[in-house]
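Below is one structure, written out as structure tokens, with a few remarks after it.
This is a predicted model, so every value here is computed, not measured.
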Amino acid sequence: MYLRVFFVVTRYVRKKLKMSLLYTDAPVGIKIVQWLSESCCPRFRFNREIWASVVFLTYVAYMCYHMSRKPVSVVKTVLHRNCSGLTPPGPDSPEHWCDWAPFNGTDATASQMLGELDSAFLFCYAAAMFLSGFIADRVNLRYFLSLGMLLSGVFCYLFGLGKTYGIHNFFYYIVVQGLAGIFQTTGWPGVVSVMSNWFGKEKRGLIFGMWNSHTSIGNILGSLIAAEYVEVDWALSFVMPGLYIGLAGFVIFLFLVVNPADVGCSTVNMERSSHSKRPRPLENQVANTSGTYDGSSGISSDVDDSEILIGEHEQEIQRRVTERSHLLPRAEPQREEQAIGFFSACCIPGVVEFSLALFFSKLVSYTFLYWLPLYVNASTTMGATLSADMSTLFDVGGIAGAIIAGVVSDKTDMPAITCSVMLVLTAPMLVVYQKLSTYSIGLNMILLVVVGLLVNGPYALITTSVAAELGTHHSLEGNSKALATVTAIIDGTGSIGAAVGPLLAGFVSGYGWESVFMMLMISDVLAFILLVRLVKHEVVKFRNVRRAGIRVE
């Protein structure tokens, strides 16, 4: 009898536990919040607010990634600087007493070593990005992001320990930066895939443009935090960001919901699948009630309105499709999605062109990211802290550029043309900034915002909205297992350019900053040239749409 009572109680507890923790794939933090909401406020529907938490958590996650990679650009100003303008601690102090060995050689040698330090991070980042996207499509993205953030924080912390323990071995800093670059690759494929799982194509450019401000906000916070400690104890410039990203990774582990299905919400993938099966409208095809043959188009006009969605029946048919799309997944089992390979992803139209364009666009952006504080310090009378603070205006302009590029792309459905226009305007603006930025601080600030807007606009659009669009291309038939792979290919190729830019700047800066800006202008022009074919395609597409009067997919 006691055994029967035990089984009854156990069954009851299991039933109640299953009801309170309904979604087994949900993170621990979400399960706890759901249990509390059901216990305290049964009428409160927490699931409706989860999408906002996804936006917030992915935003904070990638903001922390960029915050932890920014300090090295700020600390450059104290690793090697002009000691003649400072007061030495004693009369017998060495010539480079204020530098940090091994960066205490000549200006040319120090610039080369600092460039190699950047490249150690960026080349490892670029190489590991392709593998990271491959892994991200095959594992739980919550674990993937949490572990990546924790290890990124560890290696950021280890760089700062070099100052604390007096490490002067250049190889140590190279290895730490390289390993940090490898684990930083977990960020971009992870957050873009999660966001694409939750948000469809509608207003994607605007949503991603605003969301992509995490990059600039992360750079700004990283610069400000590093600048706070750089002249006191530059070890803390790395220790504090490393601590913050580690804590953020723990929060991601507790609360990030990777897929809407994990908490019982309707998924974007279901909608993609239903839209991919729905026949698309054809060009030059017009509904005609007479049922006669249209000789001009060569196509019979007597067409079933269930296949061509035009006219007064369009809304009704779309409503039926929407209603069926929520019922079918329950009626029949979902086809298991298979992750695609590297070469299959490269065959998606536009992936190669946008990847190569991002190579040169990111080369320009990351050269500014890693060398702008040093350029401001060298071209003005500002100290290390003020130079770092001034450089954040470039990222302020980047926020505006990402939003503007996203909105324009949404309105026109022409991402290649949007990027090309901004690239064309960037080249002369680089010349203007290099020539006029030294005249006054106010003019320098205005020009930095404008340059940041134009440089980061195409870069942000390609890495977010364009990558998500190509990762859900109609040829994939709704398969979401290509998102991380396509994103990694695009951002990985761009990251190679991001690695090449600071490295070349380290060598070229020895010939003067004019040579660095010339390199950036050439890169900008090459990015534009690589998009010319896609620009022509979008122009032809626009003409066909205007001629046919319907949208071509």
S409 (side chain) donor-acceptor with A405 (main chain) under 3.5 angstrom:
no

Testing T185, T186, T215 for side chain to side chain donor-acceptor pair (under 3.5 Å) with Y65, which one passes?
T186

Taking atom types as modelled and ignoring hydrogens, do the side chains of T463 and D491 form a donor-acceptor contact shorter than 3.5 angstrom?
no

Would you say that more than 12 heavy atoms from the other residues, nucleotides or ligands in this model lie under 6.0 Å from the CZ of F123, or not?
yes

When you measure from the side chain of D524 to the backbone of L520, do you find a donor-acceptor pair of N or O atoms at a distance under 3.5 Å?
no

May I ask you to decide if the ring planes of F368 and F394 are parallel, tilted or perpendicular, using 30° and 60° as cut-offs?
parallel

Could you tell me if the side chain of E514 sits less than 4.5 Å from the side chain of Q434, heavy atoms only?
yes

Assess the pair Y125 and Y366: is the distance between their ring centroids shorter than 6.0 Å?
no

Looking only at atom types and distance, does a side-chain atom of T77 sit under 3.5 Å from a main-chain N or O of V74, one as donor and one as acceptor?
yes

Check whether the side chains of S213 and Y59 place a donor and an acceptor atom closer than 3.5 Å, and report yes or no.
yes

Is it the case that S68 and Y244 place a side-chain donor and acceptor less than 3.5 Å from each other?
no

Donor-acceptor contact below 3.5 Å, side chain K70 vs main chain L369
yes

Can a donor-acceptor pair be found, under 3.5 Å and without considering hydrogens, that links the side chain of T392 to the backbone of I220?
no

Is it the case that more than 12 heavy atoms not belonging to L443 sit under 6.0 Å from its CG atom?
yes

Quick one: does any side-chain atom of N377 pair with a main-chain N or O of P373 as donor and acceptor, under 3.5 Å?
no

Whether the T58 and W211 side chains hold a donor-acceptor pair (N or O, under 3.5 Å, no angle test) is what I'd like checked.
yes

Exceeds 12 heavy-atom contacts within 6.0 angstrom, atom CZ of F170:
yes

Could you tell me whether the side chain of S132 and the main chain of A128 form a donor-acceptor pair under 3.5 Å?
no

Just to verify, which of F183, Y172, Y173 counts as forming a ring-ring contact (aromatic ring centres under 6.0 Å, His included) with F155?
F183

CE (M518) with more than 12 external heavy atoms under 6.0 Å:
no

